[in-house]
Amino acid sequence: MFRLRAAACLLTAALAGATPPGQQPAADCRGCAGRGSLPCGKHGKDLGLEADGVVLDCSVAATCRVCAGARAVDCRQCERAEVEAELQHRQQLARDWLQQRLARVDDAVGHHALVHLRTAHCDLVGSLKPATVGKQKLDTHALLHLHAQRLEALREDFRATLELTEADLPGRLRVHLFRDAKDHGVIGPRETGFGSAASTGLKQMGPEFVYSMWQDPRSLPDDEAVHRNVVHNVTHLLLSQMLPVQWVGNRGHGWVDEGLAHWFEDRHSGSCRNYCYEELLLAPGAGWKNGIWRPHVRKLVEEGGMPSFADLARRNTDQLTFLEHAAAFAYVDFLLSAHGGARCRDFVRALKSGQSTRDALQAVYSWNPLTIEAPFQAWIKAHYPLPGR
Ligand SMILES: [Zn+2]
Ligand SMILES: [Zn+2]
Ligand SMILES: [Zn+2]
Ligand SMILES: [Zn+2]
């Protein structure tokens with residue numbers, strides 16, 4: 001009897017499924033609540049990852065044996081031709097996207113152990129070691145999703161801080177976070193067009209905006225250090241990308257280039273530990289005052305030990321000493337914190353457009369390289385603590 005009733009139900013379902021196209025019995029379907037599709041169950045607990053609203057394409061989802069990247073499956077209890085067509089379309093898009101990514105990156109490194117993600121503004125690829133973030137253990141796939149969210153958040157923070165419009169940051173970011181030196185050694189020079197395979201991080205600052213690094217355990221022992229490294233280096237990309245596209249770090253404005261990268265690094269983690277030098281002149285882990293700079297900048301200001309602004313504002317990024325990195329951070333902090341993002345944006349724009357530091361300072365702040373020092377020092381004395389307090 002029970003069998004019979006079950007069979008009758010199946011027959012009803014089959015009949016409903018056989019309704020001619022054009023009608024939508026799916027509206028009554030209890031299986032899918034009328035949607036015609038169901039979330040793919042194969043992702044298990046990872047389904048949350050794919051629904052984070054930030055990642056638009058994911059290589060793990062694209063190779064799912066059940067949904068093939070559509071992230072949903074057809075409801076078998078009802079018939080909606082347009083939903084099926086849409087699922088097939090999404091599968092095709094995911095397949096095309098992944099093939100193009102594999103051809104560009106994985107084929108070059110010679111293995112397929114990389115996770116690829118696409119967000120609104122970033123193409124991210126990586127193989128970072130599983131890591132503990134807060135109290136959560138994240139595998140490589142979950143960790144890369146987290147980095148995708150962090151990259152979008154950093155871009156938005158940069159945009160909002162400098163009061164930029166969306167149109168002021170055109171183009172995409174391409175970020176590569178590798179576990180192994182070998183993969184970075186292949187992809188870093190290839191994607192950035194610069195540097196040697198022996199580097200730990202390489203950037204291209206235009207016309208494309210690319211960062212490639214590998215997780216050197218000596219300088220990047222944990223997730224926090226990797227995150228800080230990404231914040232620092234991607235800030236450089238965003239600054240170069242901001243219209244007009246131009247890297248200012250090799251035009252005597254290293255203090256702006258490094259200062260802003262340090263400022264976002266400090267804003268994120270409360271310390272500055274990344275320095276951009278050519279190749280490997282820096283011993284891993286080397287730095288100034290353990291990355292906690294404000295009290296030591298205050299002390300130098302009190303003692304008259306700060307480099308003069310006129311000297312600082314002549315140097316390129318890779319010419320800055322440790323102390324000048326800290327001074328660059330402090331001057332950018334002064335401009336942003338005391339005088340706001342919009343004026344800092346206008347000043348940076350003027351430098352990018354080719355104006356001299358003297359003209360840009362005059363136009364935006366009514367200072368010159370000598371008269372900026374008094375208000376800067378007064379602000380440091382009023383806002384930075386002394387060491388040990
Ligand atoms: Zn249904
Ligand atoms: Zn994913
Ligand atoms: Zn799936
Ligand atoms: Zn830097």
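We count ligands from 1, going down the list as the structure has it; atoms in each ligand are counted the same way. In this text the structure is predicted, and so the values were computed from the model without any measurement.
Each salt bridge (charged side-chain N to carboxylate O under 4.0 Å, His left out) pair with one or both residues in residues 109-137, not counting sequence neighbours, appears once here: Asp57-Arg118, Asp123-Arg172. Residue pairs meeting the salt bridge (charged side-chain N to carboxylate O under 4.0 Å, His left out) criterion with at least one partner in residues 351-364, sequence neighbours excluded, do not occur; the list is empty.
Cys29 contributes SG and Cys32 contributes SG; the angle these two atoms make at the Zn ion (ligand 1) is 110°, rounded to 10°. Rounding to 10 degrees gives 110° for the angle at the Zn ion (ligand 2) between NE2 of His141 and SG of Cys58. Angle SG(Cys75) to the Zn ion (ligand 1) to SG(Cys78), rounded to 10°: 110°.
In terms of the salt bridge (charged side-chain N to carboxylate O under 4.0 Å, His left out) criterion, residue partners of Arg159 (sequence neighbours excluded) are, by chain and number, Glu156, Glu166.
Phe158 and Phe264 have their aromatic ring centers within a separation under 6.0 angstrom. For Trp379 and Tyr384, the gap between ring centers is short of 6.0 Å. Ring-centre distance between His325 and Trp293: not below the 6.0 Å cut-off.
Ring planes of Trp367 and His339: perpendicular class, angle over 60° (limits at 30 and 60°).
Here the N, O or S atom of Glu50 that is nearest to the Zn ion (ligand 2) is OE2. If you look at His145 and ask which of its N, O or S atoms sits nearest the Zn ion (ligand 2), the answer is NE2.
Around the Zn ion (ligand 4), the protein atoms of type N, O or S found under 2.8 Å away are His232 NE2, His236 NE2, Glu258 OE2, Cys276 SG, listed by chain and number.
Side chains of Asn274 and Asn229: a donor-acceptor N/O pair is present below 3.5 angstrom, by distance only.
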